[in-house]
Amino acid sequence: MSAEHQKATAFVARLLENPALKPLTPLQKEEQIIQFFHANATQLAPTLATPAFFPGASWNQIVALLLAALTEYVNTDLFASLEQIVENQIDFGYVNFLRQQAVGSDKVQQQIASLVKTLLVKPEARRGFTGAHTALVFKFVDRYVDAVWTRKSYIHFEITKVQRLRMSKEQVKAMIETTLLLKPVVYLVATGGVAGQAEQTSGIVETKFGEKVFLATKKHLNLVPDPVLKSAVSASISFIENRFIEATARIAAIFAARCRNFQPSVRVDRGADSPDKSWLSIARRNYKFYGFDIKMLDEFFSIAAENGW
Amino acid sequence: MVGMNRTRAALENFVIVAIILVLVQTFVEDFAVLAGWSWSVRRALLFTGFAFDIFFTIEFLTRLYFSFVNRRTGTYFWYERGWIDLLASIPLLLLSSGPAVLAYWSGTATIVGFGAILNVLKVVKAIRIARILRLLRVLKIFARIRHTESAMAQRHVAKISTVAVTVVVVTILAMTVLFGVLDTPSLETVYQEQTVRVLRTIDDIQPEGDSGKAALSELADLEPALLLVQRDGHTLYSRYENDLYDSDFGPTDYGYGESGGLRVFFDLTPLNQEQSRSNLLYFVIIGLLVLAFMLYYSPHFALTVSDPLHIMRRGMSEKGYNLEIKIPPLYEEDEVYRLGQLFNEVYLPLKDRTSAADEPEVLDLKFDDIKDILNE
């Protein structure tokens, strides 16, 4: 390890120690730091080019050093978190049910973890995974699907009757969590499937591009059943464009978007609505833009309102 | 500069403590009259009130002087409640505690007793009613208590409290003066007629003889306000022993009338008690009025005006703040909430779509947070 890399790592480590970043997930922290570098470039550049840090280096060189150190540092926590999710949080027993044959859960876990880690080398995949990962860390699926199962309304109907998942609630939760985990698979194939500005900004891809991604993903995850892979790919396709998207994909898309900027300890001012309720209300008005299922948003909104989320 | 600010803050705090104490003192002084506490206790309270009035007069003159020096007299007087400082200091010293202390120092009721009995009663009433001006000081404390985080809510509630309390105090004072000028029937006029009648009766019955003394005793039984009858300095009748007059009666507790060599002393305690009862009532009304504004109206104002505005301001100035305004159905037609509805339904969705194209905001890390790292 070069002296410059050591310095960059030490600098990044100190930044990440900031108490303000403590409640955030590793990828959220990374985004914050990257934005911090961009926002404060004019102030940071002269200071970091001094002999105490990176003498003689240009700002671009400094940023490259810092970002490399940041990714490496964040990966330690991120991969540990992924392993925790894959090994302890998601019960892959449902894979056997979908495939109608016994596949070792540990093998499925290994395949998925390996692919996700590979994908997370790409900066755009990391950005695209932030919301999904945050949703997994804060167990959004658990609390909302529990409420969905109690209500047995539109979302429950879509899961059990339309998508025909004849699985237990816990198995459905595990499938949605797998969908979230595999959401960055759209970055497996070189980008180019996005259409207009709306799609670019909302991170959704075209159905045809999704099909290409599905075929590519299938090669890497041969133990994962097709419905799960399709759900993972469809989580990045607009429901407005394709009305046949799996319910699990639509749910994952909503949760991933919800958690893009989720902060667990946000202070709700007096007179303001709760964070989830506010987000879902805004999402209801922007559902076409993001390609969400409006009826799902309505039901999640009711759940959030009832529970004060 | 820091030292000066500290001294100023300490003095301001001292004034606040004095205001709280003078309010307690005002309450206790009236309560003491109503409860018939001994004169020694009431005398101590009288001097305490006098000391407070001197203190607040000095405070007012000092503030006025410095505001004049700093060319901000108008600001101090009209916008920083200088008028309250004035009304609750000099008039009290001149009309209330000052005359009462002078009456005590002169040793007799002369200050209140030179004129006819009605004038005596009017002066006594003026002294006691003027004390209500002290209640204006409640507003000074109210202005200092930060009962809400919103400066606008604080100012509006302070303004409405000032209007309400001032209207109550000024109305009471003005109506008291007006009724006095118009000689409307009152407890004092009844009392006055009664005492004049007693004076004439005593003059008629020639109280020096045995039969006169008996008639005087009979009259005293009928007129409980009759305390003492003297002819040329000799006591012809006394309701109580002298010790009791010493211990229970102060200069404002009695008045006297003279006719030739005859001097008749009357008990003014019932009138004073009535006035104290009224003063306590005003005190409680004003206290409850201020508390109601502070505990009920202020949160209501904050909830229905300043909170939604605060949320909208944050939503517009902070990229990562996207909470909607909670709109209570009861107030949804309020202009603020109609604006809030537009904020929820138009601004936030638009902001969300716009910000989706931008880089996410740095929410938690500020440049100042890392200055220590850069300086190492």
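So you know, we letter chains A, B, ... as the sequences are listed, proteins then strands, and number each from 1. Remember, predicted model here, so these are calculated numbers, not experimental data.
With A/Asn286 contributing its side chain and B/Pro349 its backbone, the two residues share a donor-acceptor pair below 3.5 Å.
The part of A/Ser274 that comes within reach of chain B is its backbone (N, CA, C, O), which places non-hydrogen atoms under 4.5 angstrom from that chain. Using a 4.5 Å cut-off between heavy atoms, B/Ile311 contacts chain A through its side chain alone, with no backbone atom that close.
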| request: Evaluate the side-chain contact (heavy atoms from CB on, under 4.5 Å) criterion for residues A/Val268 and B/Leu323: first the C-alpha distance (whole Å), next the side-chain angles of each, then the deciding distance (0.1 Å), finally the verdict. | output: CA-CA 8 Å; A/Val268 179; B/Leu323 297 183; 4.1 Å; yes
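Side-chain contact between A/Arg285 and B/Glu345 is present, with heavy atoms from C-beta onward closer than 4.5 Å. At least one side-chain heavy atom of A/Tyr290 sits less than 4.5 Å from a side-chain heavy atom of B/Asp352. Side-chain contact between A/Asp269 and B/Tyr321: present, with at least one pair of heavy atoms (C-beta onward) separated by less than 4.5 Å. The shortest side-chain heavy-atom distance between A/Ser278 and B/Asn322 does not fall under the 4.5 Å cut-off.
Counting non-hydrogen atoms of other residues, nucleotides and ligands closer than 6.0 Å to NZ of A/Lys295 gives a total of 12 or fewer. Within 6.0 Å of CZ on B/Phe343 lie more than 12 heavy atoms contributed by other residues, nucleotides or ligands. Enclosure of atom CZ in B/Phe31 is not indicated, since only 12 or fewer non-hydrogen atoms of other residues, nucleotides or ligands lie within 6.0 angstrom.
Note on B/Glu318 versus A/Arg267: no salt bridge recorded, every NZ/NE/NH1/NH2 to OD/OE distance being 4.0 Å or above.
When the candidates B/Leu350, B/Asn344, B/Asp307 are compared by the number of heavy-atom contacts under 4.5 Å with chain A, B/Asp307 comes out ahead.
Atom OG of B/Ser306 sits about 7.0 Å away from atom CZ of A/Arg270, to the nearest 0.5 Å.
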